[in-house]
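Notes follow once the structure below has been shown.
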Amino acid sequence: MSEMAPEGPPSPPPVRRRRTVRLRTMLVCLAVVPTVAMGAQVTVTAQRLLAQSALLRADVETGERIGVPLVRLMNELQAERAATAARWAGSPVADGALRDRRTGTDRAATEFRKVAGSAGEPGTEHPGQDGGRVGAVVERLDLLDSYRKRADAHSGSAEQVVGYYTGVIDDIIRAYQDEFSHSDDAELAQESRPAVALFSASEMVAREDTALALAGPPRELAATGFSQFLDAVGTHRYLYDTWIVPYLPPAELASYDRLTGSAAWQAKFRIENAVVANHKDTPTGVKLPVDVDGWPAAYATFAPQLAALNTERARSVFAHADAKASELETEVYWLIGASGGALLLVTAVVVLTTRSVLRRLSRLHTRTVAIAEETLPEVVARLQRGEPVDTGALPAVRGRQDEVGQITDAFARVVAVSVDGHRQLAAERHGFGLFASGIASRTGNLVSRQLSLTEDLQDTFGHDEALLAQLMRSDQLTVGMRRQIENLLILAGGEIPDPHTDPMRVADLLREAAAEVEDFRRIERQALDEASVQPHVISQISHLLAELLDNATRFSPPRSKVVVRAELVADGLSVEIEDRGPRVSAAGYEAMNERLHSAPPYSVLAENAHRLGLFVVGHLAEQLQARVTLRRSVYGGTAAVVILPGALLAPAAPERKPGAEPAPRARRAPGPAAALAPVRRPAPEADARPAPDADVPPAPDADVPPAPEAGAAPAAAPVPATARRPLPVRSGAAPADARPALPERVPQTHLTRQLRGPRAPEPEAGDRDTATPEEVADAWADYEEGTKKVEAELRAERP
């Protein structure tokens, strides 16, 4: 047979510990990382500046290559538009003059196409195919001949022909604005803005000239033409006042002032005002005043000056962009040089600073280790013994300003706070112990008086079964009060005194623990193995089991059973308590097991005052070196498993002879105070019961009488094990100092009750369930009541 692997959960995989980085490495990295980041930033900044410089030079080159042809083309298109409009309106325009205008436009267009990369060569694509403004201008120029033919043939309307020229000029202005706006440089963008505004304003003035040319000799305009004239007047005045004059440099502002102060410009201003103020509406349009006859001469005078101002502004922008590119290149050189020097300086500072910090931290580490390993343990030990502490032995706060000194002062504050906390905790524990002792002493006196009074009442009124049952109920409540007093001592750090001198059987121990529970009739005990526990831990084990049994009865339906079974296992004695309560989540079991396995501070005890039983069990388990675990039962309730170590078990006693009386056992001490529950005389009904240690084997549920029928008078409650003293030795019994006889095996002692004696016949099918519908309804009502009670307590525990 092959060797089997040991049982138990698989061992968890080894946890990989994080590698610790030395402080020297961290300091070097702390300096290297910013240095590398600064170098990368310098590199990126230098590349960005160089790219910006290259872009500015490209803009200057493009402006000189494309910008000048664009401006020339715009001027030629404006002149051709005005001549075409005048000839359409019937003004005396010679064919040669119109031909010269068109020839000038063609030359400008040809030059623009060359610099734009679309001279009409085979395989050359228009730049406008990708959506650029320059390509849009080229595409519109391809339609110039067709619109000229329409103008010569007077095909369509004058507005359509004039609108074509206006659309081409608008695309030229937008192309100039998009290609030369310098959006990546705020200063150049500020300077290029008035240049674009100048082109737009000059176009508005040219539109005025075209509109007046369309009026012709009759000086009559259509309503749409007059509206366009008014728009042009208002727009160019707004542009000059808002977007041009405030941004012009002094030299160009002087040129603008000379232009606006000239007689031609004043005549223009006067004619515009006259048209706006003295026009007359006619059925076919608007009749212009006679002042418009002086417009051609004035426009011919100031138009070249206006074009020169536009060109001067554009060239100024290009010159500034070229100077800006040179400044950026110089800035890159300075940036690289300064960054290299800074990197060398940082390296030297890092080396010196790292060595200084490491020396100071080494000294701080030495002092800290000495305080942590020598000073603090000695101070804490003296505080626990109640001795005074010399503050001179502790580190003092000196108010240092540097970082290492601040760490030293912070550690001194931590030590001071820790010592104060230990001092306060020692005083608190001492005070709580005194407080708990005082409460236990006073309450113990009251419990003693209550038990004495109950005993006297039982002796006096023992003949009254109903009254005796109530007295037994009062006796049981008094026993619960005694258990609460013991809880107080346990949580205060004390121990339960145990007067037992002889080992106790596990069956008797279970009976004693169950007797301390208020609803003990529902507890079913099963001692599966014959074993005994040491006398000095009987009270502690009994109290631990009583708390778990009380918890099981309270958190389960009122009519359900709570089963407690004990048996020997490899690690000692296993006691399992199983109820039929509601299901608890995995997180709930984890929280309850945590309370069982760790001693909480007093603040946690105060917050969970309604569940102190788990903390008491945890304290007792720690004192007994036992393990207590709560888990889900297979029946849906909760199972509490207590593993008592084998050292708490007594060695097997020799067997007694049949009929021999057992040695008298010391009963459990009533409580922490003296004489909490004095020894009482048994009730008359109890005299006829056999002693607990009699050889007659008790049934598993001997102390659980059947529930009384509805309407029946309550029977007298049996006296709990802890509430009764041992029965007196009857006549004929062996003397107290005689050696007890060995026990004798009795047949069928270890069989279950169902297997002892003849087997009863199987009940009929109709007799298996004799409960009435009312009894079933009452059982379900009790179950729901218990479930609601548990859920309410669980909700109260949640934060």
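For clarity, every value in this text was computed on a predicted model and none was experimentally measured.
- By the salt bridge (Lys or Arg N to Asp or Glu O under 4.0 Å) test, E329 is found to be paired with R57, residues two or more places apart in sequence or in another chain being considered.
- Between R150 and D145, no side-chain nitrogen of the basic residue sits less than 4.0 Å from a carboxylate oxygen of the acidic one, so the salt-bridge criterion is not met.
- A donor-acceptor pair under 3.5 Å is formed between the side chain of Q266 and the backbone N or O of T260.
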Test side-chain contact (heavy atoms from CB on, under 4.5 Å) on W243 and V196 and set out the steps.
CA-CA 9 Å; W243 294 100; V196 176; over 6 Å; no
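- Among residues two or more places apart in sequence or in another chain, the side-chain hydrogen bond (donor to acceptor under 3.5 Å, both in side chains) test is passed with R413 by none.
- Between the T235 side chain and the A232 main chain, no donor and acceptor come within less than 3.5 Å of each other.
- Although no hydrogens or angles enter the test, the distance criterion places a donor-acceptor pair under 3.5 Å between the side chain of Y164 and the main chain of L144.
- Every residue meeting the ring-ring contact (aromatic ring centres under 6.0 Å, His included) condition with F226, not counting sequence neighbours, appears here in chain and number order: H279.
- Aromatic ring pairs are classed by plane angle as parallel below 30°, tilted from 30° to 60° and perpendicular above 60°; the pair W295 and Y299 is parallel.
- E76 has no carboxylate O lying under 4.0 Å from a charged side-chain N of R101, or vice versa, which leaves the two without a salt bridge.
- A pairwise comparison of heavy atoms in V42 and S339 identifies CG2-OG, 3.0 Å as the closest pair.
- Contact check for E272 versus H236: side-chain heavy atoms found under the 4.5 Å cut-off.
- No donor-acceptor pair under 3.5 Å is formed between the side chain of S356 and the backbone N or O of T353.
- No donor-acceptor pair under 3.5 Å is formed between the side chain of T242 and the backbone N or O of L239.
- A salt bridge is absent between R113 and D106; no separation between the charged side-chain nitrogens and carboxylate oxygens falls under 4.0 Å.
- In terms of modelled atom types and a separation under 3.5 Å, the side chain of S155 and the main chain of A151 share no donor-acceptor contact.
- Applying the salt bridge (charged side-chain N to carboxylate O under 4.0 Å, His left out) test to residues at least two apart or on different chains, the pairs with a partner in residues 196-212 are R81-E203, D170-R207, E203-R207.
- We find that R148 and E80 are joined by a salt bridge, their nearest charged nitrogen and carboxylate oxygen being less than 4.0 Å apart.
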inquiry  = For Q228 and L221: C-alpha separation, side-chain torsions, deciding distance, then whether side-chain contact (heavy atoms from CB on, under 4.5 Å) applies.
reply    = CA-CA 10 Å; Q228 293 175 0; L221 276 177; over 6 Å; no
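- The salt bridge (charged side-chain N to carboxylate O under 4.0 Å, His left out) pairs that include a residue from residues 31-43 number zero, where partners must be two or more places apart or lie in different chains.
- Side-chain contact between V71 and F199 is present, with heavy atoms from C-beta onward closer than 4.5 Å.
- Residues satisfying the side-chain hydrogen bond (donor to acceptor under 3.5 Å, both in side chains) test with E111, not counting sequence neighbours, are R72.
- Residues K149 and D152 are not paired through a salt bridge, judged by the lack of any N-O separation under 4.0 Å between the basic side chain and the carboxylate.
- In this structure, the side chains of V205 and F302 come closer than 4.5 Å at one or more pairs of heavy atoms.
- T166 places a side-chain N or O within donor-acceptor distance of the main-chain N or O of V162, the cut-off being under 3.5 Å.
- Here the two rings, on Y256 and Y240, have centers that are under 6.0 Å apart.
- Proximity of S362 to H365: side-chain heavy atoms (C-beta onward) are nowhere separated by under 4.5 Å.
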